[in-house]
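For reference, the structure is listed below as structure tokens.
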Amino acid sequence: MIQEKELVRGLSTAEAERRLKTFGLNELSHKKRVSPIIIFFSQFNDFMVWVLMTATVISGLMGEKADAITILIIIIINGILGFIQEFKTEKSLEALKSLAAPTCKVYRDGNVQVISAKNLTLGDIIILESGDRVPADGELVQCNSLMVDESLLTGESVGVNKGLGKKESNLYMGTTVLKGKGLIKVTQVGMKTEMGNIANLLQNIEEEKSPLKERLESLGKVLVFICLGICAVVTALGILRGNDLAEMFLLGVSLAVAAIPEGLPAIVTVSLALGVSRMLKRNALVRKLPAVETLGCTSVICSDKTGTLTQNKMTVKEVYMNERIYNVNQEKLPSNPMLARAFVFCNDTNYNFGEKDVEKALYGDPTETALIKLFFREIGALRGFLSMSHRVYDIPFDSSRKMMSVIVKENGKETCYIKGAPERLLERCSHIYEEGKVKTLTYQKKKQIISFVEAMSNRALRCLAAAYKDSNLERGEDLEKNLIFIGVAGIIDPPRPEVKDAVLRCRLAGIKPIMITGDHKNTAYAIAKELNICNTIDQVMTGEEIEVISDKELFSKVQKTRVFARVSPSHKLRIVKAFKKNSNIVAMTGDGVNDAPAIKEADIGVSMGVSGTDVTKEASSMILMDDNFATIVAAVEEGRTIYSNIRKFIRYLLSCNLGEVLTMFLASIFYLPTPLAPIQILFVNLATDGLPAIALGVDPADKDIMKQKPREKTESVFSRGLTEKIMVRGSLIGVCTLLSFLVGIHFGFDLNTSRTLALSTLVMSQLIHVFECRSERHSIFEIKFLTNPYLVIAVCTSITMLCLILYVPFLSKIFHTTALTIGQWLIVLFFSGTIALINSVYLYIKVK
Ligand code: ATP
């Protein structure tokens with residue numbers, strides 16, 4: 001066996017780097033990335049684009065060369081825009097994947113380091129704890145009650161006990177630690193591992209399709225048929241009127257290309273991906289893209305207390321022993337060697353040997369380090385005590401039992417030390433250690449201790465009791481019975497300062513914040529009350545109460561409950577189910593290995609980036625990089641913003657496209673000359689569909705987005721009047737464009753000038769409408785333009801493009817336009833602006 005010292009030194013960085021070069025990265029077969037060239041060409045892999053190209057080439061051959069070349073250039077520019085979008089989306093999703101990549105704890109250069117699992121190499125010493133995914137094949141070199149789930153390899157879902165014996169000492173990549181702790185020395189990495197042999201089981205970030213995107217795709221198909229139908233009518237009527245066949249065909253196809261909202265699903269992905277990177281800036285890492293949509297519907301957030309609502313900065317504040325409570329900050333704690341031993345020995349805190357400062361060198365569960373910090377001085381020789389070598393046996397802490405036990409050998413004598421939730425320990429104690437003497441623990445005394453603990457809990461203290469007994473393991477006696485009670489430590493863990501505000505924001509947004517904790521009812525209540533999560537003690541329910549009621553009763557009780565205390569992970573699953581049955585969309589946090597089922601069951605499973613286990617991270621759809629409750633609320637806000645932005649650009653794109661189609665359709669059924677040439681239609685598509693729509697996708701949140709109720713998950717994206725808005729506004733754009741064309745003809749302008757009027761009116765109406773789309777409830781006057789500078793830039797770019805094709809002689813020749821005079825611009829602005837003005841005044845009055 002390797003010596004302890006050698007173990008905790010691990011490899012040196014230089015040696016690890018050398019080995020990494022020799023043995024390669026610890027990765028299973030890499031998925032091939034889609035090459036940018038393929039992404040570029042896929043932009044043109046669209047049936048209608050091919051038809052348009054063919055029509056263009058034919059018309060080019062028949063004479064209209066300039067037109068044909070310009071159309072091809074427009075198609076290519078459109079393709080480049082699409083490519084940039086898709087490439088950026090790919091890149092940011094790629095970056096997210098690498099962020100979500102697994103990490104592990106290893107000893108390197110004598111320190112514990114958290115490294116990316118892919119940088120592991122042969123000989124590395126990995127620290128494994130319950131909930132960890134084993135990152136490479138390795139051999140156990142140290143082991144404490146280690147149990148591993150190897151079902152991924154063997155298919156058998158029974159936990160396998162591991163030990164330093166021959167066969168049980170091998171651990172395999174991809175398996176998970178269910179219980180205990182251990183150190184392994186890496187023996188194989190990457191494709192050479194057992195897992196490498198069955199690499200098809202590779203667990204990647206799941207690439208689920210967004211339901212909204214799917215729905216939009218199927219809507220897109222319907223719209224394609226409608227558009228094609230209308231375009232066919234426009235083309236046929238044109239031909240019947242004796243217009244040039246090729247010209248009419250090109251017109252029909254151009255209209256189809258412009259009107260079919262083929263970009264819609266793509267923009268959904270872009271805005272989801274952009275939203276995901278915005279969320280990351282606010283410390284929420286989304287693992288599954290569809291979760292972004294669901295986040296916006298969240299109506300209940302069930303949150304752990306420790307570390308999520310509180311700071312997880314634990315300090316022992318009070319200690320109960322010898323029949324009284326000591327306030328650690330105000331008085332000196334009398335010596336109590338048994339209490340100090342129990343809290344220091346029965347403790348899994350690790351020690352960083354590379355660090356000089358003793359307090360900084362301690363790392364591990366903050367509850368446990370808090371105990372060590374208070375009691376180690378009494379014991380001294382901290383390093384020695386912390387090393388696991390003198391521990392003979394242990395039962396690790398587990399949140400269902402709420403206890404931890406160890407047997408320690410000191411001077412040849414074995415003693416069992418236990419720490420855990422006071423009431424759990426008290427029921428196992430028969431004696432008490434007071435003033436250095438062991439006495440019988442009477443019923444009266446137990447009651448007295450319980451009332452002291454209640455008083456401490458009422459002061460929001462997290463209480464841990466300690467007990468001991470001589471070890472009787474060999475006699476087969478139950479280790480955790482007939483214990484000698486020693487005392488209780490009351491630990492303060494202050495709430496995170498930002499949580500109170502986040503709770504208030506939840507309330508305003510119609511979301512119920514719920515606390516779920518393993519802690520004592522009174523402690524939970526005290527903290528929940530301080531955070532405004534609950535007001536009265538009858539809003540608190542305990543695990544014991546949950547245990548004795550049926551699912552049906554729980555279903556009705558959860559409605560009024562705000563705090564669940566002393567719960568086990570198994571209760572969490574029932575709680576999620578009960579909330580879901582009440583038609584809630586539930587976000588649920590979890591960190592421990594046993595939380596995974598509840599996290600999976602929740603609509604949004606949330607895991608902890610800092611303290612979470614690999615298993616919960618893999619089950620979750622979102623990881624909180626800072627373990628903070630406020631981050632969930634921020635993510636919900638982003639989720640709502642993204643959804644509302646998706647609605648914004650759907651509204652914009654569809655009403656604009658409707659306007660375009662209607663202009664042409666009305667003209668053809670009323671036997672009017674065609675108001676727009678094919679090349680002009682394509683120009684409108686280029687100038688208005690791309691940049692402004694994407695800019696809408698990154699619109700900042702509406703100021704009252706967190707003041708509305710959560711939307712229903714089943715709600716259609718067109719609900720709440722969106723269809724009407726699209727229909728009315730789209731029709732008005734179409735009618736106004738046609739009217740401006742007719743006014744041109746009425747004033748005796750030539751066809752090109754009238755068409756230029758129509759073209760400019762169409763572009764300008766859309767560019768004005770894009771600002772209207774920024775809010776569903778507020779008028780254009782109330783929107784602060786500069787809050788979305790991208791949109792302002794996009795719109796200015798589009799206007800510049802329009803001016804270029806009107807005033808640059810070479811371009812105006814290609815686009816068959818004329819240089820509009822000021823008077824003609826007034827006509828354009830009248831037709832494009834009036835509707836927006838009327839609509840805004842109406843909204844302004846309605847909202848006031
Ligand atoms: P949350 O779910 O909010 O994180 P929690 O961290 O308070 O809750 P647990 O970690 O399950 O929940 O702790 C429940 C109880 O178990 C605590 O109140 C404490 O009495 C006891 N306990 C906590 N940590 C330990 C530990 N390391 N060893 C022994 N007992 C512990």
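One-based numbering, in listed order, for ligands and for the atoms of each. Counting begins at 1 with the first residue of the sequence. As the structure is a computational prediction, the values presented were derived from the model and not from experiment.
- Atom-to-atom distance recorded for K600:NZ and L573:CG is 11.5 Å, nearest 0.5 angstrom.
- Set against the non-hydrogen atoms of K305, the atoms of ligand 1 under 4.0 Å away are 1 (P), 3 (O).
- Among H520, R462, K572, R566, the residue whose heavy atom lies closest to atom 15 (C) of ligand 1 is R566.
- In summary, the atoms of ligand 1 found under 4.0 Å from a heavy atom of D365, numbered by their order in the structure, are 27 (N).
- Atom 28 (N) of ligand 1 has K419 NZ, 3.1 Å as its closest protein atom, hydrogens excluded (heavy atom only).
- Among all protein heavy atoms, the one lying closest to atom 22 (N) of ligand 1 is F397 CE1, 3.4 Å.
- Inclusion of M404 in the set of residues having an N or O under 3.5 Å from an N or O of ligand 1 is not warranted.
- For ligand 1, the atoms closer than 4.0 angstrom to any heavy atom of E368 are 26 (C), 27 (N), 28 (N).
- Selection from G307, G364, C463, S399 by nearest heavy atom to atom 20 (O) of ligand 1 gives C463.
- Judged by distance alone, with hydrogens and angles left aside, the side-chain atoms of R496 form a donor-acceptor pair with the main-chain N or O of T310 at under 3.5 Å.
- For ligand 1, the atoms closer than 4.0 angstrom to any heavy atom of D304 are 2 (O), 3 (O).
- Taking 4.0 Å as the cut-off between side-chain N and carboxylate O, E423 and R566 count as a salt-bridged pair.
- Using cut-offs of 30° and 60° for the angle between ring planes, the F579 and F564 rings count as perpendicular.
- Listed for the N283 side chain is no donor-acceptor partner under 3.5 Å among the backbone atoms of T631.
- What sits closest to atom 6 (O) of ligand 1 on the protein, heavy atoms only, is T306 OG1, 3.1 Å.
- Distance from atom 14 (C) of ligand 1 to its nearest protein heavy atom, with residue and atom name: G518 O, 3.2 Å.
- No more than 12 heavy-atom neighbours from other residues, nucleotides or ligands sit within 6.0 angstrom of NZ on K179.
- Scanning for side-chain contact (heavy atoms from CB on, under 4.5 Å) contacts around E323 gives E434, K445, Q448, with sequence neighbours left out.
- Heavy atoms from other residues, nucleotides or ligands lying under 6.0 Å from NZ of K439 number more than 12.
- Of all atoms in ligand 1, numbered sequentially from 1 with element shown, those under 4.0 Å from a heavy atom of I516 are 2 (O), 3 (O).
- D519 OD1, 2.8 Å is the protein heavy atom nearest to atom 18 (O) of ligand 1.
- Take F452 and apply the ring pair (Phe, Tyr, Trp, His ring centres under 6.0 Å) test, not counting sequence neighbours, and it matches Y320.
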